[in-house]
Amino acid sequence: LGSVALGNDPHTERKAEAIALDRQVATVINEYDRDFEMRMVSPHHRSNTISILRRGLTKYLARDLADLVLRAFVRFIQESGRPGSQQGLRQRITPFLNFARNAVIIPVNVMPGWRRPRSSRAAMLARPGRIISTDELVAIWKSTADAGPINGYVSLMMITGVRICEAA
C-alpha cells in the first residue's frame with residue numbers, strides 16, 4: 001500500500017521482474033536444453049552443447065541476454081582459452097542466439113557475419129619453428145642411401161627443397 005501511495009505500481013514491477021528473469025542467460029540456456037530434449041537431439045550432443053554454453057557464459061548467467069552485444073560474445077570466445085574451446089563455443093553460440101531470436105527473447109542474433117580474425121602471411125612466417133640441424137640432415141641422407149621407393153623421394157626433397165606432393 002505504501003508503494004501504491006507513492007505512485008508506484010507493484011503489479012507492473014513484478015511483471016517486469018518476471019520478464020527480466022525469463023531473459024536471463026541461465027534461463028534461456030535451460031529453455032534451449034528443453035528444446036533439445038523436445039526435438040530428441042542426441043543426448044551426447046545435447047549435454048556437450050549445454051555444458052559448453054554454461055562454461056563459456058559462466059560470468060553472465062545472471063545477466064539479461066538482450067543486453068549482451070557482439071563485443072561481449074567475442075570477448076567470451078577470446079577468453080575461453082585454447083583454440084579448440086574457442087571454436088566449440090563459437091559454433092554453439094550462434095545456434096543458441098538463433099533459438100533465442102526465434103523464441104522472441106532477443107530482437108536479433110548479433111553473431112552472424114562475425115568471423116575469427118585470420119593470421120597474416122607475415123605473422124605466420126614470423127612464428128618460431130624448428131630447423132633440422134646439419135647433423136640430422138647427414139643422418140637422414142645416410143639412412144636414405146639404400147635403394148627404396150621412399151628413399152628417392154626423401155633425397156629429392158632434401159636436394160631441391162620441394163614439398164612431398166611436388167616430389168611425388
Side-chain angles (χ1 to χ4, degrees), residues 1-131 157 161-168:
L1 290 174
S3 181
V4 172
L6 293 173
N8 298 329
D9 184 2
H11 178 68
T12 305
E13 290 172 6
R14 279 194 303 270
K15 196 172 184 180
E17 287 174 8
I19 289 171
L21 183 62
D22 286 344
R23 293 190 337 193
Q24 276 186 348
V25 173
T27 306
V28 179
I29 289 175
N30 291 337
E31 285 183 37
Y32 192 47
D33 189 24
R34 283 192 297 276
D35 181 63
F36 271 7
E37 185 178 11
M38 183 186 72
R39 291 186 297 131
M40 294 185 281
V41 173
S42 82
H44 174 72
H45 177 68
R46 175 181 162 208
S47 65
N48 192 20
T49 298
I50 299 304
S51 173
I52 287 172
L53 286 171
R54 283 193 178 125
R55 277 184 283 134
L57 303 174
T58 300
K59 296 178 188 175
Y60 303 93
L61 292 175
R63 291 201 39 201
D64 187 338
L65 183 61
D67 291 343
L68 299 178
V69 294
L70 177 61
R71 185 178 185 108
F73 287 109
V74 170
R75 194 174 319 121
F76 303 151
I77 293 167
Q78 290 171 342
E79 291 174 356
S80 66
R82 298 173 297 137
S85 59
Q86 290 177 351
Q87 181 181 354
L89 185 57
R90 166 70 174 96
Q91 288 174 339
R92 284 158 180 91
I93 282 181
T94 299
F96 169 67
L97 293 175
N98 283 337
F99 164 79
R101 186 202 61 223
N102 292 340
V104 194
I105 297 168
I106 58 175
V108 66
N109 179 352
V110 295
M111 286 302 287
W114 180 79
R115 297 290 177 252
R116 180 175 52 94
R118 305 276 180 184
S119 298
S120 68
R121 179 171 170 75
M124 290 172 60
L125 291 174
R127 281 190 293 177
R130 182 178 182 284
I131 298 173
M157 288 186 290
V162 297
R163 295 183 180 104
I164 193 165
C165 291
E166 295 167 336

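Any value given below was found using the heavy atoms of this structure, including those in side chains, with hydrogens, waters and symmetry copies removed.
Interatomic distance, L97 CG to N102 CG, rounded to the nearest 0.5 Å: 11.0 Å. Taken from CD1 in I105 to CD in Q24, the straight-line distance is 12.0 Å, to the nearest 0.5 Å. Considering CG of N30 and CG of L53, their distance stands at 11.0 Å, rounded to 0.5 Å.
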Practice problem: Determine, stepwise, if the pair T49 / F96 fulfils side chain to side chain contact (heavy atoms under 4.5 Å, CB included). | Solution: CA-CA 9 Å; T49 298; F96 169 67; over 6 Å; no
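Crowding of R163 atom CZ: a count of heavy atoms from other residues, nucleotides or ligands under 6.0 Å not exceeding 12.
Among all heavy-atom pairs drawn from M157 and A167, the shortest one is CG-CB, 3.6 Å. Residue I50 comes nearest to Y32 through the heavy atom pair CD1-CD2, 3.9 Å, listed as atom of the first residue, atom of the second, then distance. Minimum heavy-atom separation, V41 to R46: CG1-N, 4.3 Å.
Within the 4.5 Å cutoff, no side-chain heavy atoms of Q91 are placed close to those of I52.
No donor-acceptor pair closer than 3.5 Å links the side chain of D35 to the backbone N or O of E31.
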